[in-house]
Amino acid sequence: LIGDLLANELRFECLECGKCCNSEIIVSYLDIRKLMLDSNLIFKIQRNFIPRLIKGNLVYTTNSILGLSTKRPCAFLKDGKCLVQENKPLICKTYPFSIKPKNMQTTNQIKIIKEEILYKDEIFNLVQIDIKCPGVGKGPIVDLNELFTFCYHEYKNMQETYHF
Ligand code: SF4
Ligand code: SF4
């Protein structure tokens, strides 16, 4: 389906170091709807739902939807564990990987895993968005086709929410 992605070997295992939960993260509308499936959260989110200005854009984050002005750590992190494991945002599930449209500017913090993948008439790079995540290179081999498909789902949800 996605060409020769499987030719590469990538290993990953989350070591639960908690580093990526040390800050709030931006969420899509689908992420918010999923979080609201939790009966403890639905009213909190309905009462407090506000966006946050980040780099000139108004976005919703795991903390802002709870009405919190603090950005660190993610409000769903408790005693080193994620409180919303079942319904956590898609980016938390794909982290530290993501896909970026080929022409989107990226920073030095991003490592390209596979370049120029044509998928549904768009060209993407599969990237590692956190080059310091200690889980990369550990654990089982990642199925790159599955990872890409999952990352694509996350990308589309963000795009539909923020129209970038
Ligand atoms: S930084 Fe990497 S290893 Fe650490 S919790 Fe996040 S995904 Fe897991
Ligand atoms: S929702 Fe859970 S996994 Fe995602 S950043 Fe917050 S605590 Fe971490």
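All ligand and atom numbering here is 1-based and tracks the order in the structure.
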Worksheet item: Heavy atoms, side chains only, cut-off 4.5 Å: are Phe76 and Asn63 in contact?
Response: no
Worksheet item: Are Arg33 and Met36 close enough that some pair of their side-chain heavy atoms sits under 4.5 Å apart?
Response: no
Which pairs of donor and acceptor atoms, one on a side chain in residues 122-129, lie under 3.5 Å apart (sequence neighbours left out)?
residue: Asn125; atom: OD1; partner: Glu116; partner atom: N; Å: 2.9
residue: Gln128; atom: NE2; partner: Asp130; partner atom: O; Å: 3.2

Practice prompt. Output yes when Glu86 and Lys34 qualify as a salt bridge under the 4.0 Å nitrogen-oxygen rule, no when they do not.
Written response: no
Item to complete: Indicate yes or no: does Glu154 engage Lys156 in a salt bridge with an N to O separation below 4.0 Å.
Response: no
Discussion item. Which label fits Tyr152 and Phe148: parallel for a plane angle under 30°, tilted from 30 to 60°, or perpendicular past 60°?
Written reply: parallel
Worksheet item: So which protein N/O/S atoms does atom 4 (Fe) of ligand 2 have within less than 2.8 Å?
Response: Cys92 SG
Item to complete: Assess whether side-chain contact (heavy atoms from CB on, under 4.5 Å) is satisfied between Ile65 and Asn48, documenting all intermediate values.
Response: CA-CA 6 Å; Ile65 59 172; Asn48 299 299; over 6 Å; no
Item to complete: Tell me whether Val59 is reachable from Met104 by hopping between hydrophobic residues (I, L, V, M, F, W, Y) whose side-chain heavy atoms are closer than 4.5 Å.
Response: yes
Could you check [atom] against the protein and tell me its nearest heavy-atom contact, residue, atom and distance included?
{"atom": "atom 2 (Fe) of ligand 1", "answer": "Cys133 SG, 2.3 Å"}
{"atom": "atom 4 (Fe) of ligand 1", "answer": "Cys17 SG, 2.3 Å"}
{"atom": "atom 8 (Fe) of ligand 1", "answer": "Cys14 SG, 2.4 Å"}

Worksheet entry | Per-atom contacts, ligand 1 versus Leu15 - under 4.0 Å to a heavy atom | 3 (S), 8 (Fe)
